[in-house]
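Chain letters run A, B, ... following the sequence lines, proteins first and then strands; every chain starts at 1.
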Number of protein chains: 2
Amino acid sequence: MFTLSEENYLKAIYHLELDTGKGVSTNAIAKKLETKASSVSDMIKKLSEKDVVVYKKYKGVTLTGFGKKIAASIVRKHRLWEVFLVDKLNFSWDEVHDVAEQLEHIKSPKLVNQLDSFLGFPSHDPHGDPIPDKDGGLKIIEKSLLSTLEKNETGVCVGVNDSSSEFLKFLDKKEITLGKQIIVLEKEDFDDSLSIQIDGKKLSISNKIANNLYVQKS
Amino acid sequence: MFTLSEENYLKAIYHLELDTGKGVSTNAIAKKLETKASSVSDMIKKLSEKDVVVYKKYKGVTLTGFGKKIAASIVRKHRLWEVFLVDKLNFSWDEVHDVAEQLEHIKSPKLVNQLDSFLGFPSHDPHGDPIPDKDGGLKIIEKSLLSTLEKNETGVCVGVNDSSSEFLKFLDKKEITLGKQIIVLEKEDFDDSLSIQIDGKKLSISNKIANNLYVQKS
DNA sequence: AAATATTTTTAGCCTTGTCTAAAAATATAT
DNA sequence: ATATATTTTTAGACAAGGCTAAAAATATTT
Ligand SMILES: [Mn+2]
Ligand SMILES: [Mn+2]
Ligand SMILES: [Mn+2]
Ligand SMILES: [Mn+2]
């Protein structure tokens, strides 16, 4: 059994490892968890005692297979709860993260399975992130940042890179939601802004936005 | 904000105070929380610093109005989650308690309100216990132990005194569920056992059972 | 190759919540 | 009323998880 704190470390390492593809530095973990590098050093030692990470002093840390399974199960719970909050309790997608951060630590295999079934076995959370299966497997879909589309290319919104409440609310205001199709009408060389068509309407999109919205090319 | 441990102490004191009607002893709390009296002494001091309990050394402890509100909100969450687990996730009534013990500590007013609404504003949990309202108010219904009914009296099952998994499973096996009507056909002086009619069928019930099942006289 | 800068670890301290053992207060029995 | 038993509090210790400051290892410049 793992403590709340241990679970949060495992999840942080899991995400950092996925993002960068390599071993994770003490500082990177400290930054992600808003804690101090010294605290991270201490915790990593405990985690390697428990065989969930491989650790060589000064050389960073990697999850073991076992550690990866535990981390994935926490991410699975996080994302299932986010679906629950949005689909069943009428939360909007910018309100769910903090509550899911708490709910992901509830320990009950039956609860997770029943919730999964109650929600209709969703494959992705409200932000377009994939939900790991029971064994920790992730179905990665092919997605590109909107900013990488060329003029006249089209794509369907499938996810966000920045999932801050501010960005999500901005998308709400512009009525840009997952599942909608986007056509790139124009790319401005000057500021890399885009002119797109969505819902049959024309919209101007800054590069900052286009860099934080994922589409599946179509 | 209160820690997990503080919340559990508040809830324990709340229940003990309701049960006995008076101030609560250190030992009683220790027993309920399966901890040591010395730990309870320590914690009570902290809680009285935070103005949720009134404490006089050696004289036991009582919740303040503020403390009562917090405790009731935790009980409210516990019972709402139990309803959720039974009604929506197909848990049986003997499986929900331990999961609800975890879920009751999730902090999100919106979550509680939406859950309440999603469940159709239930007034009682799966064990027949009343769900405190937002202000901590409890609607107490008139209920009696089945063992107090006289021959030929009838009542509707409305709750359990013992909510152990063993007792609940036993009731399941006998198909005694909340909402069903019971008629007392016979009372045996010898062993205080009862002969009852339920679902049109005759059933023999030991005194131990009759002492742990609440009915509303009808 | 040194010198300097950055990252990581260690050492020592703090808080929370727990425990055991001993002391103090209260309750019960003679 | 005293002696005995029980309950409650205090004193001191410990583990988890965090922090700061200093030391050690690694990386980057010159
Ligand atoms: Mn999230
Ligand atoms: Mn998400
Ligand atoms: Mn319960
Ligand atoms: Mn209950």
Next on the checklist: Under the criterion salt bridge (charged side-chain N to carboxylate O under 4.0 Å, His left out), I'd like the reasoning laid out for B/E101 against B/K11: C-alpha separation, chi angles, the key distance, then a yes or no.
Outcome noted: CA-CA 11 Å; B/E101 286 288 305; B/K11 193 170 52 117; 3.0 Å; yes
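- Closest approach to the A/N27 side chain among D/dT8, C/dT7, C/dT16 is made by C/dT7 (side chain taken as heavy atoms from C-beta onward).
- Put simply, the side chain of A/C157 reaches to within 4.5 Å of the side chain of A/I176, judged on heavy atoms.
- Checking C/dT10, D/dT26, D/dT8 against the side-chain heavy atoms of B/T26 singles out D/dT8 as nearest.
- When each of C/dT9, D/dG17, C/dT26 is scored by its nearest atom to the side-chain atoms of B/Y58, the top-ranked nucleotide is C/dT26.
- Distances shown here put every side-chain N or O of B/K57 at or beyond 4.0 Å from the OP1 or OP2 atom of C/dA24.
- A/N27 and A/S25 form no side-chain donor-acceptor contact under 3.5 Å, judged by distance and modelled atom types alone.
- Under 4.0 Å is where a charged nitrogen must lie from a carboxylate oxygen, and between B/R76 and B/D116 at least one such pair does.
- With rounding to whole Å, B/D42 atom CG is found 12 Å from C/dT16 atom P.
- Here the side chain of A/K36 is nearest to one of D/dT20, C/dT16, D/dG17, namely D/dT20.
- Under 4.0 angstrom from either OP1 or OP2 of D/dG18 there lies at least one side-chain N or O belonging to A/S5.
- B/L33 places its CG atom 13 Å from the P atom of C/dG17, with the value rounded to the nearest Å.
- Put simply, B/Y55 has no side-chain N or O that comes within less than 4.0 Å of OP1 or OP2 on D/dT8.
- Residue contacts for B/S39: at a heavy-atom cut-off of 4.0 Å it reaches a base atom on one of the strands shown.
- Nearest-nucleotide positions on DNA chain D place B/S41 closer to the 5' end than the other of B/S41 and A/K46.
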Next on the checklist: I'd like to know whether A/K22 forms a salt bridge (charged side-chain N to carboxylate O under 4.0 Å, His left out) with A/E17, so could you lay out the CA-CA distance, the side-chain angles of the two residues, the decisive distance to 0.1 Å, and finally the verdict.
Outcome noted: CA-CA 6 Å; A/K22 357 172 239 197; A/E17 222 179 320; over 6 Å; no
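- The separation between A/L47 atom CG and D/dA16 atom P is 12 Å, rounded to whole Å.
- Taking atom NZ on A/K56 and atom C1' on C/dT9, their separation rounds to 15 Å, with Å as the unit.
- For A/E34 and D/dG17, the CD to C1' distance is 17 Å, given to the nearest whole Å.
- Of the listed nucleotides (C/dC19, C/dG17, C/dT26), C/dC19 has the atom at the smallest distance from the side chain of B/T35.
- Atom NZ in A/K50 sits roughly 15 Å away from atom P in D/dA15 (whole-Å rounding).
- In terms of position along DNA chain C, the nucleotide closest to B/M43 lies nearer the 5' end than the nucleotide closest to the other residue of the pair B/M43 and B/S38.
- The CD atom of A/E6 sits 9 Å away from the P atom of D/dA16 (whole-angstrom rounding).
- Rounded to a whole Å, the CG atom of B/L4 is 15 Å from the C1' atom of D/dG17.
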